Amino acid sequence: MSAISLKPARDQRVTVPALLRRKRGARPISMLTAYDFTFARIFDAAGIDVLLVGDSLGNVVQGMDTTLPVTLDEVVYHTRMVARAARRALVVADLPFGSYQVCEEDAVRSAVRCVKDGGAQAVKLEGGTAVSSAIARIVRAEIPVLGHVGLTPQAIHRMGGHRVQGRSEESARRVLEDARAVEAAGAFAVVLEGIPAQLAQSVTDALEIPTVGIGAGPGCDGQVLVMHDMLGFSDWTPSFVKQYASLGALAAQAARCFADDVANGKFPGEEHAYS
Ligand code: KIV
């Protein structure tokens, strides 16, 4: 594997129309979450198509049990860091719980903040038929929307936990209905989370817009993972995650070596001191 240069990517910028053309394309869409400048720069240079500033930051950055307490200010703050780093990737800000459910005006105002103050090029929001009017209203404000159906973590209390959706006939019908509603409302793509692979394939076949799966099998038009899971920073990784590195263990080892060196007077050496 060759080392990745952190020079700005020279490829053309990933745009919403370019992603739409990837439907049933030869090259599936790659999406990773990112929450800060450092990792966003690495992922962008590595050729990731979409950087999602997920409200999963509540879990992996803030250490909370759910995404529900994440605020719009926090999403905007993290989006700004990611947008500053992205030269090629499309930056999508995740609208947090409470920022779009009350009324359509709230939804548009929240999306506008993510674009104006955060530098996002699109927003994501969770839900299907229930939020389709909010999606349509944001799209009318010229802000591209990424939908998200199936297992929607902001609905954790309704679902009774992070449970796979669409297993029963009735639940599968609802997932398909939600995905169709999101498409009809004008979303440019939709995340399918935590649903059986066969259902994800059916939804992908039924829609004209690309689907991006997480825990939804190989039949989607793209895949997304939470960066902490795929890099091995999390204590526990769900079975649908492929862990591509063990950076948590590496960081712990480096910190232990540093602590030992300090304790044993091995750091700083003369070469690390000013003369
Ligand atoms: O918040 C998030 O990171 C997400 C992805 C898991 C799709 O919604």
Side-chain angles (χ1 to χ4, degrees), residues 19 28-36 39-40 43 48-72 74-79 81-82 89-101 110-111 114 118 120 122-128 131 135 144-156 159 161-166 175 178-179 182 187-195 200 203-204 209-217 220-231 233-234 236-243:
L19 288 176
I29 297 163
S30 58
M31 185 185 303
L32 279 178
T33 65
Y35 315 97
D36 66 18
F39 279 106
F43 297 159
I48 296 299
D49 296 313
V50 182
L51 299 177
L52 170 65
V53 187
D55 64 351
S56 51
L57 72 89
N59 305 114
V60 297
V61 178
Q62 299 175 333
M64 292 186 297
D65 289 337
T66 75
T67 58
L68 300 181
V70 174
T71 68
L72 184 60
E74 288 163 351
V75 169
V76 169
Y77 171 75
H78 286 277
T79 302
M81 294 182 241
V82 170
L90 187 91
V91 176
V92 179
D94 207 1
L95 295 184
F97 179 65
S99 72
Y100 60 93
Q101 289 92 343
S110 301
C114 289
V123 297
K124 177 172 87 57
L125 57 84
E126 295 181 11
V131 293
I135 294 175
V145 175
L146 173 62
H148 182 163
V149 304
L151 193 171
T152 47
Q154 291 178 19
I156 187 167
M159 295 183 301
H162 289 104
R163 302 201 188 292
V164 173
Q165 303 294 296
V175 172
D178 280 339
V182 162
F188 70 92
V190 60
V191 170
L192 305 180
E193 178 168 358
I195 60 172
V203 173
T204 300
I209 57 172
T211 59
V212 182
I214 174 163
C220 302
D221 301 298
Q223 295 292 328
V224 54
L225 284 178
V226 170
M227 58 159 276
H228 288 65
D229 292 340
M230 62 84 76
L231 291 179
F233 280 122
S234 311
W236 169 83
T237 39
S239 60
F240 63 80
V241 171
K242 180 168 174 182
Q243 199 181 303

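Atoms within a ligand are numbered from 1 in the order they appear, just like the ligands themselves. Here the structure is a predicted model, which means the values were calculated and not measured.
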Can you tell if the side chain of Leu51 reaches within under 4.5 Å of the side chain of Val92, non-hydrogen atoms only? no
Thr33, any N or O under 3.5 Å of ligand 1 N or O: no
Using a strict cut-off of 4.0 Å, indicate which atoms of ligand 1 neighbour a heavy atom of His148. 8 (O)
Where is the nearest protein heavy atom to atom 2 (C) of ligand 1: which residue, which atom, and how far? Ser56 OG, 3.3 Å
If you have a sec, work out which protein heavy atom is nearest atom 8 (O) of ligand 1 and how many Å separate them, to one decimal? Lys124 NZ, 3.0 Å
Atoms of ligand 1 less than 4.0 Å from Asp55 heavy atoms? 1 (O)
Among all the protein's non-hydrogen atoms, which is closest to atom 4 (C) of ligand 1, and how far away is it? Leu52 CD2, 3.8 Å
Please check if atom OH in Tyr77 has more than 12 non-hydrogen atoms from other residues, nucleotides or ligands closer than 6.0 Å. no
Can you name the nearest heavy-atom pair linking Gln223 to Cys220, along with the distance? NE2-CB, 4.1 Å
Which atoms of ligand 1 have any heavy atom of Asp94 under 4.0 Å away? 1 (O), 2 (C), 8 (O)
Parallel, tilted or perpendicular: which one describes the rings of His228 and Tyr35, with boundaries at 30° and 60°? tilted
When you measure from atom 6 (C) of ligand 1 to every protein heavy atom, which one gives the shortest distance, and what is it? Ile214 CD1, 3.6 Å
Given Leu192, which of Thr204, Leu151, Val212, Asp221 fulfils the side chain to side chain contact (heavy atoms under 4.5 Å, CB included) condition? Thr204
Asp55 side chain to Pro96 backbone, donor-acceptor under 3.5 Å: no
Is there a side-chain contact between Val75 and Thr71 in this structure, where contact means two heavy atoms from C-beta onward sitting under 4.5 Å apart? no
By number and element, which atoms of ligand 1 are closer than 4.0 Å to a non-hydrogen atom of Gly54? 1 (O), 2 (C), 3 (O)
